[in-house]
Asks: 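First the structure, which I've put down as structure tokens, then a few questions once you've had a look.
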Amino acid sequence: MATEVSCCDLADERTATLAAPSLDESAERLTRVFDLVGRRPGGWARKEAGTGYPQRMIRRALWQGLVAGTVGGVVMTLGEKIEQAVTGRPDSHVPARVLQRLAGLPERPGAQQPPVNWAMHYGQAALLGVLRSIMAQAGLRGPLASAKFTVVRLTNDQILENATGVGAPPSTWPRGEIVLDVLHKAVYAFTTGAVADALADRGGPGPGQEHAALRPGRRPDVGPLPRRDAHGR
């Protein structure tokens with residue numbers, strides 16, 4: 001039996017067809033187009049998707065961050081040795097003393113055993129590198145992200161040193177020591193950031209970068225990415 005269609009129904013259908021899509025719908029359609037051709041804005045390949053994607057991102061951030069943080073720690077140490085050769089500043093045993101109190105190890109006066117000093121020095125550098133790698137995986141890359149990470153590194157040091165009673169607030173330090181501490185931690189942060197960003201680039205852009213690529217420039221009216229392209233659930 002044929003179905004009758006009124007003129008009003010046809011008019012409503014035409015009106016719905018001609019209605020302008022919302023910004024969220026436009027973003028979704030643009031994403032589908034790039035899905036079909038297998039590419040995204042900026043020439044990046046589409047990332048792997050699926051329910052296990054957030055877990056894979058975390059696994060990548062772990063090993064990439066440990067590598068990046070270790071490289072940053074090595075470069076920072078080389079810079080410190082060059083600076084000590086010029087200024088005559090002695091080695092710092094603060095890392096060892098902090099680790100002894102955090103882990104409940106016996107303390108000893110004077111110079112500390114190098115392995116304990118190195119364990120805290122490089123262990124802290126490697127572990128904090130994971131945070132910088134998570135930033136890179138999310139799409140926070142480049143010098144600005146590394147500048148933010150410099151503050152994180154300095155803050156981490158001061159929390160541990162002051163909480164254990166080994167250190168004192170930087171406001172009580174000689175100005176020269178503050179300058180050197182910021183300089184060396186910046187070397188660590190920017191080196192770690194460069195390695196973390198380079199490793200993350202191999203997997204394509206992070207969700208934040210993909211969001212920015214939808215409509216380049218400073219815009220207040222761009223909807224979020226589809227959930228399947230982000231790191232959430």
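FYI, side chains are in, hydrogens and waters are out, and symmetry mates aren't considered; it's all heavy atoms of this structure. Everything quoted here is computed from the prediction, not taken from an experiment.
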Asks: Do L62 and L199 belong to the same hydrophobic cluster, where Ile, Leu, Val, Met, Phe, Trp and Tyr are linked whenever their side-chain heavy atoms lie under 4.5 Å apart, directly or via other members?
Replies: no
Asks: How far apart are the C-alpha atoms of Q64 and R202, what are their side-chain angles, what is the distance that settles it, and do they pass the side chain to side chain contact (heavy atoms under 4.5 Å, CB included) test?
Replies: CA-CA 11 Å; Q64 292 178 8; R202 297 167 57 190; 5.8 Å; no
Asks: How many angstroms lie between atom CZ of F149 and atom CG of L154, to the nearest 0.5 angstrom?
Replies: 10.5 Å
Asks: Is Q158 reaching over with its side chain to a backbone N or O of T155, donor-acceptor style, under 3.5 angstrom?
Replies: no
Asks: Does P90 offer a backbone N or O that forms a donor-acceptor pair with the side chain of Q84 under 3.5 Å?
Replies: yes
Asks: M135 and side chain to side chain contact (heavy atoms under 4.5 Å, CB included): which single residue from D197, L140, V130, V152 fits?
Replies: L140
Asks: Could you go through Q100 and V166, starting from their C-alpha distance and side-chain angles, then the distance that decides it, and tell me whether this counts as side chain to side chain contact (heavy atoms under 4.5 Å, CB included)?
Replies: CA-CA 10 Å; Q100 288 167 351; V166 173; over 6 Å; no
Asks: Would a distance-only check, ignoring hydrogens and angles, find a side-chain to backbone donor-acceptor pair under 3.5 Å from Y188 to A125?
Replies: yes
Asks: Verify, without hydrogens or angle tests, whether T164 (side chain) and E161 (backbone) share a donor-acceptor contact under 3.5 angstrom.
Replies: yes
Asks: Between R132 and S146, is any side-chain donor less than 3.5 angstrom from a side-chain acceptor?
Replies: yes
Asks: Would you say R141's side chain and A136's backbone share a donor-acceptor pair under 3.5 angstrom?
Replies: yes
Asks: What verdict does the side chain to side chain contact (heavy atoms under 4.5 Å, CB included) test give for L102 and M120, after you've listed the backbone C-alpha separation in whole Å, the side-chain angles of each residue and the deciding distance to 0.1 Å?
Replies: CA-CA 10 Å; L102 287 175; M120 184 64 181; 4.1 Å; yes
